[in-house]
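Read through the structure below, which is laid out as C-alpha cells, and then see the notes.
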Amino acid sequence: MVTETMDGDGVARVGSWGGWSFAVEHGMPAGAERLAEVSRSGVEAVHLDPQPDHPPKQFAYARDGEIVCCFGLGEEGWRGGHRPDFLLPELVAAGILAPDGTHARPEDEHCADRDRRTLAVLERRFALSLPRHLIEDAPLPAFVTCTQ
C-alpha cells in the first residue's frame, strides 16, 4: 500500500541513465547532506535542487568524499567547495562568468534563460541527459529517505 507523504517526509525514486545512477527526491530531500558521503572511492555525484519555494536552484558536485564545487544558478560568482573554480573555464566559455570569476551576464537577462545557459554547461560537462519521460512515466523503485 502506498500512502501520501506528509510535509517533511522524503521519498526518492531511483534509476539509471547514460552511465549515471540517479535519485529524484520529493518532500524533504536528504541528498544534499549526504553528497560527499555517497561520492567516496572515486564516485562522482551531481546534485541539483530546484528550490521551487526558495530560489535559486542549487548545484553541487562531489568526488572522492568531498564537495568539489557548488553554487546557486544565477549566483555562479559565489562558488563554494574545495575547488570552487572547477567549472570556471566552462562558465567563462558560455559567457556566464568573466575570467576573474565575476558575473558576465547581461543585467536584463531573464532568469529562465540564465538558468538554461548554466544547466547546458552542467549537462555538457557531466554528460547528463535525463529524459523527462523517464522521471514522469517510468516505473521506478522508491525509497523513504527521511521521516519526521
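Worth saying up front: this structure is predicted, and the values here are computed from it rather than measured.
- In this structure, Phe71 is not a member of the same hydrophobic cluster as Ile67, with clusters built from ILVMFWY side-chain heavy atoms closer than 4.5 Å.
- How far NE2 of His110 is from CG of Asp108: 11.0 Å, rounded to the nearest 0.5 Å.
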Expected list for residues 89-103: side-chain donor-acceptor pairs under 3.5 angstrom, two or more places apart:
| from | atom 1 | to | atom 2 | distance (Å) |
| --- | --- | --- | --- | --- |
| Glu90 | OE2 | Arg125 | NE | 3.1 |
| Asp100 | OD1 | Thr102 | N | 3.0 |
| Asp100 | OD1 | Thr102 | OG1 | 2.6 |
| His103 | NE2 | Gly77 | N | 3.4 |

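- Nearest heavy atom pair, residue Ala127 against residue Trp20, reads O-NE1, 3.9 Å.
- Under the 3.5 Å distance criterion, the side-chain polar atoms of Arg79 are matched with a main-chain donor or acceptor of Glu76.
- If you take CD on Gln58 and CD on Glu75, they are separated by 6.5 Å, rounding to the nearest 0.5 Å.
- We find the CD-NZ distance between Gln51 and Lys57 to be 10.0 Å, quoted to the nearest 0.5 Å.
- Here the side chain of Ser39 pairs no donor or acceptor atom with the backbone of Glu44 at under 3.5 angstrom.
- Ring geometry, Phe59 versus Phe126: the interplanar angle falls from 30° to 60°, so the pair is classed tilted.
- Taking both residues in full, the closest heavy atoms of Leu35 and Ala60 are given as CD2-CB, 3.5 Å, listed atom of the first, atom of the second, then distance.
- The hydrophobic cluster around Phe143 extends to Val14, counting ILVMFWY residues whose side-chain heavy atoms fall within less than 4.5 Å of a member.
- Nearest heavy-atom pair, Val46 versus Tyr61, reported as atom, atom and distance to 0.1 Å: CG2-CD1, 3.9 Å.
- Summarising the geometry, atom CG belonging to Leu119 is positioned 10.0 Å from atom CZ belonging to Arg114; distances are rounded to the nearest 0.5 Å.
- Between the NE2 atom in His47 and the CZ atom in Phe22 there is a gap of 14.0 Å [rounded to 0.5 Å].
- Residue Leu122 holds its CG atom at 7.5 Å from CG of Leu128, rounded to the nearest 0.5 Å.
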